[in-house]
Peer 1: 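Got a structure for you, questions after.
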Amino acid sequence: MTDAKLVSAARQGDQEAFKELVKRHEPRVAATVIGMLGNCAEAEDVGQETFIRLYKNMEKFRGESSLATYLTRIAINLSLNELKRRRRRGLLFYQKSPEEIYELPDTKANGQKNEDKEIVQRAIGKLESKFRAVVVLRLIDGYSAEETAKILHVPLGTVLSRLSRAQKKLKELLIPYYGDER
Amino acid sequence: MNKKAIDLLYRFFDDALTPEENEELNEALARSKELRDEKDRIVALRNEISASAAKSFRPFFAERVMHAITSATEAKNGLEKFFESLKLAFRRVAVVSATAILLLLVYNFVKSGDISITGAFGMSQETLVEVLESPFDATMEDLL
């Protein structure tokens with residue numbers, strides 16, 4: 001069944017149709033939110049809130065963009081808000097800075113896939129939120145640079161320069177772990 | 001490495017370069033091994049980043065979302081019902097109070113036979129002299 005049909009059924013109160021939408025779009029939302037916030041409890045909360053917002057605004061969804069893009073837009077905005085909240089909490093209660101939260105391990109213990117993933121996620125977490133957002137949308141979610149610019153409401157040139165700076169920073173952060181093997 | 005060539009290399013992955021820029025980049029790549037290595041590093045980095053994407057939240061995520069939606073809907077309905085019953089209760093109290101006031105007014109009219117504000121509220125009209133010769137003045141005189 002297409003997204004449009006499921007949305008239409010969910011609008012008429014079909015809970016199973018909405019549940020199917022959640023299952024279908026969970027990977028995209030998880031990639032966005034965990035990419036932005038790391039694998040933590042807040043990420044799951046933001047993921048849930050993304051779908052709750054969709055449920056509440058189902059009538060307003062006119063299908064001008066795909067449902068995946070609509071959800072990504074909600075997820076990225078909620079994630080950016082969460083990062084702002086973290087920063088405020090950090091300022092108020094002297095909590096760890098994002099750089100400290102995403103402390104990279106001293107050495108790469110072994111070449112296991114999950115560990116590689118973890119190291120890359122932590123390196124992404126060390127980026128400023130505006131750089132993180134373009135990396136997540138472009139390199140993880142696979143949106144084009146133009147689509148990324150539209151989702152973030154910034155000019156294309158800004159996306160390109162942020163992408164380039166973010167990749168240079170990530171390369172710097174990851175060289176100790178991978179050296180010249182890449 | 002040439003800074004312009006590096007910039008072109010980064011843009012190459014995300015932006016369509018003009019034919020001239022493409023040619024310039026290809027020439028630079030052909031000339032410099034360092035630039036070719038940099039390109040390989042960028043490709044590897046981008047692959048590593050896209051492979052790091054999380055695929056899901058904890059198991060039963062959809063069930064938790066549906067539970068959260070049901071709880072929120074029930075809470076909203078509960079709150080709406082509470083305010084509705086509150087409104088109904090206040091309406092009843094308002095109607096009873098208005099009736100009581102009306103009955104009191106009619107009673108006062110009937111008892112005093114006076115159709116005036118004074119009659120309605122069962123108050124006697126006080127003259128200016130009565131107000132000025134208040135018991136308080138008398139007490140003060142006594143005290144002095």
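Chain identifiers are assigned alphabetically (A, B, ...) following the order of the sequence lines, protein sequences preceding nucleic acid strands; residue numbering begins at 1 within each chain. Atoms considered below: every heavy atom in the structure, side chains included; atoms not considered: hydrogens, waters and symmetry mates.
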Peer 1: Find the distance between OG (B:Ser50) and CG (A:Leu139) and round it off to the nearest 0.5 Å.
Peer 2: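 With rounding to 0.5 Å, OG (B:Ser50) is 7.5 Å from CG (A:Leu139).
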Peer 1: Hydrophobic clusters here meaning ILVMFWY residues chained together by side-chain heavy-atom distances under 4.5 Å, can you tell me if A:Phe131 and A:Leu137 are in one?
Peer 2: yes
Peer 1: List, by chain and then residue number, the residues other than B:Val106 in its hydrophobic cluster (Ile/Leu/Val/Met/Phe/Trp/Tyr, side-chain heavy atoms under 4.5 Å); write none if there are no others.
Peer 2: B:Val110
Peer 1: Can you confirm whether B:Arg46 sits close enough to A:Arg138 that some side-chain heavy atom of one is under 4.5 Å from a side-chain heavy atom of the other?
Peer 2: yes
Peer 1: Side chain from CB out, backbone as N, CA, C, O: work out which of these in A:Val159 comes under 4.5 Å of a heavy atom of chain B, or both, or neither.
Peer 2: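 It is neither, since no heavy atom gets under 4.5 Å.
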Peer 1: Does A:Val22 reach the side chain of B:Phe61, with side-chain heavy atoms less than 4.5 Å apart?
Peer 2: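 Yes, their side chains come closer than 4.5 Å.
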Peer 1: Is any side-chain heavy atom of B:Met66 closer than 4.5 Å to a side-chain heavy atom of A:Glu16?
Peer 2: no
Peer 1: Looking only at non-hydrogen atoms, find the nearest pair between A:Lys19 and B:Ala62 and report the distance.
Peer 2: CG-CB, 4.1 Å
Peer 1: Can you tell me how far apart CG (A:Leu170) and CD1 (B:Ile49) are? Round to the nearest 0.5 Å.
Peer 2: 4.5 Å
Peer 1: Could you give me the CA-CA distance, side-chain angles and deciding distance for B:Thr70 and A:Gln15, then say whether side chain to side chain contact (heavy atoms under 4.5 Å, CB included) is met?
Peer 2: CA-CA 10 Å; B:Thr70 313; A:Gln15 299 274 304; 4.3 Å; yes
Peer 1: Give the C-alpha distance, both sets of side-chain angles, the deciding distance and a yes or no for salt bridge (Lys or Arg N to Asp or Glu O under 4.0 Å) between A:Glu44 and B:Arg64.
Peer 2: CA-CA 10 Å; A:Glu44 159 117 8; B:Arg64 286 195 297 283; 2.6 Å; yes
Peer 1: Taking atom CD1 of B:Ile6 and atom NZ of A:Lys168, what is their separation to the nearest 0.5 Å?
Peer 2: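 If we round to the nearest 0.5 Å, B:Ile6:CD1 and A:Lys168:NZ are 7.0 Å apart.
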Peer 1: Can you give me the closest heavy-atom contact between B:Ala53 and A:Ala31, atom names plus distance?
Peer 2: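 Minimum heavy-atom separation between B:Ala53 and A:Ala31: CB-CB, 4.3 Å.
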Peer 1: Kindly give the heavy-atom pair with the smallest separation between B:Ile42 and A:Gln167, and that separation in Å.
Peer 2: CG2-OE1, 3.7 Å
Peer 1: Should A:Leu160 and A:Val135 be regarded as members of a common hydrophobic cluster, given that ILVMFWY residues are connected when their side-chain heavy atoms come within less than 4.5 Å of each other, either directly or indirectly?
Peer 2: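 Different clusters: A:Leu160 never reaches A:Val135 through Ile, Leu, Val, Met, Phe, Trp or Tyr contacts under 4.5 Å.
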Peer 1: How far apart are the closest heavy atoms of B:Phe57 and A:Ala43, and which atoms are they?
Peer 2: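 Closest approach of B:Phe57 to A:Ala43, heavy atoms only: CE2-O, 3.5 Å.
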Peer 1: Would B:Phe13 and A:Leu156 show up in the same hydrophobic cluster when neighbours are defined by side-chain heavy atoms closer than 4.5 Å?
Peer 2: no
Peer 1: Hey, what do you get for CZ (A:Arg122) to OG (B:Ser52), rounding to the nearest 0.5 Å?
Peer 2: 13.0 Å
Peer 1: To the nearest 0.5 Å, what is the distance between OG (A:Ser161) and CG (B:Asp14)?
Peer 2: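 The distance works out to 11.0 Å.
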Peer 1: Quick check on B:Asp7 against chain A: is it the side chain, the backbone, both or neither that has a heavy atom closer than 4.5 Å?
Peer 2: side chain
Peer 1: If you round to the nearest 0.5 Å, how far is CZ of B:Arg41 from CG of A:Leu174?
Peer 2: 13.0 Å
Peer 1: For B:Lys33, does the NZ atom sit with more than 12 other heavy atoms under 6.0 Å from it, leaving out its own atoms?
Peer 2: no
Peer 1: Using a heavy-atom cutoff of under 4.5 Å, enumerate the residues of residues 45-57 of chain A that contact chain B, numbered in order, or state 'none'.
Peer 2: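 Residues in range: A:Gly47, A:Gln48, A:Phe51, A:Ile52, A:Tyr55.
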Peer 1: Give the C-alpha distance, both sets of side-chain angles, the deciding distance and a yes or no for side chain to side chain contact (heavy atoms under 4.5 Å, CB included) between A:Lys23 and B:Glu63.
Peer 2: CA-CA 9 Å; A:Lys23 284 182 177 168; B:Glu63 284 73 14; 4.2 Å; yes
Peer 1: Any chain of hydrophobic side-chain contacts (each under 4.5 Å) joining B:Phe90 to B:Val96?
Peer 2: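 Not linked; separate clusters.
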Peer 1: Within the structure provided, determine whether A:Lys117 and B:Glu48 are in side-chain contact (heavy-atom separation under 4.5 Å).
Peer 2: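 Not in contact.
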Peer 1: Side chain from CB out, backbone as N, CA, C, O: work out which of these in A:Leu163 comes under 4.5 Å of a heavy atom of chain B, or both, or neither.
Peer 2: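 For A:Leu163, side-chain heavy atoms alone lie under 4.5 Å from chain B.
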